[in-house]
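Each ligand, and each atom within it, is numbered from 1 in the order the structure gives.
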Amino acid sequence: MAYLTSAPRGTKDILPEETPKWQYLEKTLLETAELFGFREMRIPTFEHTELFSRSVGDTTDVVQKEMYTFTDKGDRSVTLRPEGTAGVARAALEHGLLGDALPLKVSYNITCFRYEKPGSGRYREFHQFGVELYGAASPAADSEILALAYHCLKEVGLGSVVLEINSLGCRECRKRYTQALIQYFDRYRGQLCGTCLERLEKNPLRVLDCKNPEDQRIAAGAPSILDYLCDDCQEHFREVQARLTEAGIPYRVEPTIVRGLDYYTRTVFEMVHTSPNGERVVCGGGGRYGGLIEELGGNPTEGIGFAMGLERLLATMTAEGCGFPPEEPCQVYLASMGESAGVRAFRLASLLRERGISAQCDLMGRSLKAQMKYANKLKARYVVVIGEDELQRGEGLLKSMDTGETTPVRLDEGIQIP
Ligand code: AMP
């Protein structure tokens, strides 16, 4: 029976008290992106499994361990999206959006699904806001994305976030760096965890991502990717930084950032908030991906984007005391006594709602006293009591619940609420 009354592990209901915060956050992020020319895109919740194994990379944790994959009734393998970039890339290709009007700039607010161990801000179903910019290889595009990430966080009240940036170089830089990493980690084979030994074979960069303290200690002494960048990649990274400095966007170069997914090249970054107890909280991250569209069968097209986890962002905003707009209470409650008065209350409520004024009336057959108590609970700004007398006169008293003051009010089309 517990299955009927408790949500699946790692999922969370957003109750009516909390939804205004979510609506505010999602709206603010979408509107900020719009200021930069990004338009919202909506993609399916599930895709062909192959899309993710191809794009996210089949050596990543996300693909190897965390995907919600199932066979549908048509015997096709489908997967609930673990992130948004792959779906947006697929849609852009499918609808020919990578043709002429480049750059393509899109934003999205989605739910994502990853079979992870729930806890400390980790869910199996969570929300991401993200953006993608296609078609521009220039450092200007990287700076634009970084500026947008910073502005999004600033808009919601997290002005002290710092962007930690790194460059993973191009394929050539990566090849040389990977060799250097293998050489370095080879010396520590006896001390690395089993997963890292596997990563060393399949994708040595991932070893830098290990959460195991002993492996982290070893990784701290590993060569830095920044020493392996070719001239072009160095110049690109330098230009990105110059633009950020010019625009006054706070950033820090952090050579250990490799990001969890395989498709990144050149700029990668994380948006980092330092909590009052000094903990490093990553609100989101992103980067440039060169090979993704090609991997999916399209012409080589550069892309760059980021995604923010909204659960973590909301938790950080709450911990930081960021302001949320106050909830709009019910403007007027129309209390009634008797059936005819109830019908009039309903008519007046309809009239007011047509004018955009939130109005409620009794649906429970409650006594007048109970209706007043309910109006209080709703935090209604005004209450009108409609009884036989008021019906006859076509006029009643509008009571301000703040001040207790009453003013006469018409109980027909002429009804006016301040
Ligand atoms: P990623 O796509 O892994 O780069 O994640 C981007 C952001 O999504 C992270 O910075 C987190 O804020 C958020 N995120 C990733 N996985 C989860 C999860 N299991 N639960 C909640 N948020 C997550």
Can you find an N or O of E83 that's nearer than 3.5 Å to an N or O of ligand 1?
->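 In this structure, E83 places no N or O atom under 3.5 Å from an N or O of ligand 1.
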Return a yes/no value for R122: is any of its N or O atoms, backbone included, closer than 3.5 angstrom to an N or O of ligand 1?
->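 Yes, since at least one N or O of R122 sits under 3.5 Å from an N or O of ligand 1.
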For ligand 1, which part of C283 has a heavy atom less than 4.0 Å away: the side chain, the backbone, both, or neither?
->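 For C283, only backbone atoms sit under 4.0 Å from ligand 1.
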Contact partition for Q128 relative to ligand 1, non-hydrogen atoms under 4.0 Å =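 The side chain, only.
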With sequence neighbours excluded, what pairs up with I417 under the side-chain contact (heavy atoms from CB on, under 4.5 Å) test?
->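 Residues passing side-chain contact (heavy atoms from CB on, under 4.5 Å) with I417: Q331, V332, L352, I357, Y382, L398, I415.
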Would you find more than 12 non-hydrogen atoms of other residues, nucleotides or ligands less than 6.0 Å from F324 atom CZ?
->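 Yes, because the 6.0 Å sphere around CZ of F324 holds more than 12 heavy atoms from other groups.
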In ligand 1, which numbered atoms sit nearer than 4.0 Å to a non-hydrogen atom of E116?
->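 Answer, ordered by atom number: 16 (N), 17 (C), 18 (C), 19 (N).
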Enumerate the atoms of ligand 1 whose separation from the nearest heavy atom of G121 is less than 4.0 angstrom.
->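 With G121 as reference, the close atoms of ligand 1 come out as 20 (N), 21 (C), 22 (N).
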Kindly assign one of parallel, tilted or perpendicular to the pair Y134 and Y289, based on the angle between their ring planes and the thresholds 30° and 60°.
->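 Perpendicular: the ring planes of Y134 and Y289 meet at over 60°.
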Among residues two or more places apart or on two chains, list those pairs meeting side chain to side chain donor-acceptor pair (under 3.5 Å) that have a residue in residues 9-26.
->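 The answer is none; no pair qualifies.
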So, are E172 and K175 salt-bridged, with charged N and O less than 4.0 Å apart?
->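 Yes, charged N to carboxylate O under 4.0 Å.
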Modelled atom types, side-chain donor and acceptor of T267 and S167, under 3.5 Å |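 Checked: T267/S167 side chains show no N/O donor-acceptor pair below 3.5 Å.
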Ignoring hydrogens, just give me the one of R114, K117, R124 whose non-hydrogen atom is nearest atom 1 (P) of ligand 1.
->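 Going through R114, K117, R124 one by one, R114 has the nearest heavy atom to atom 1 (P) of ligand 1.
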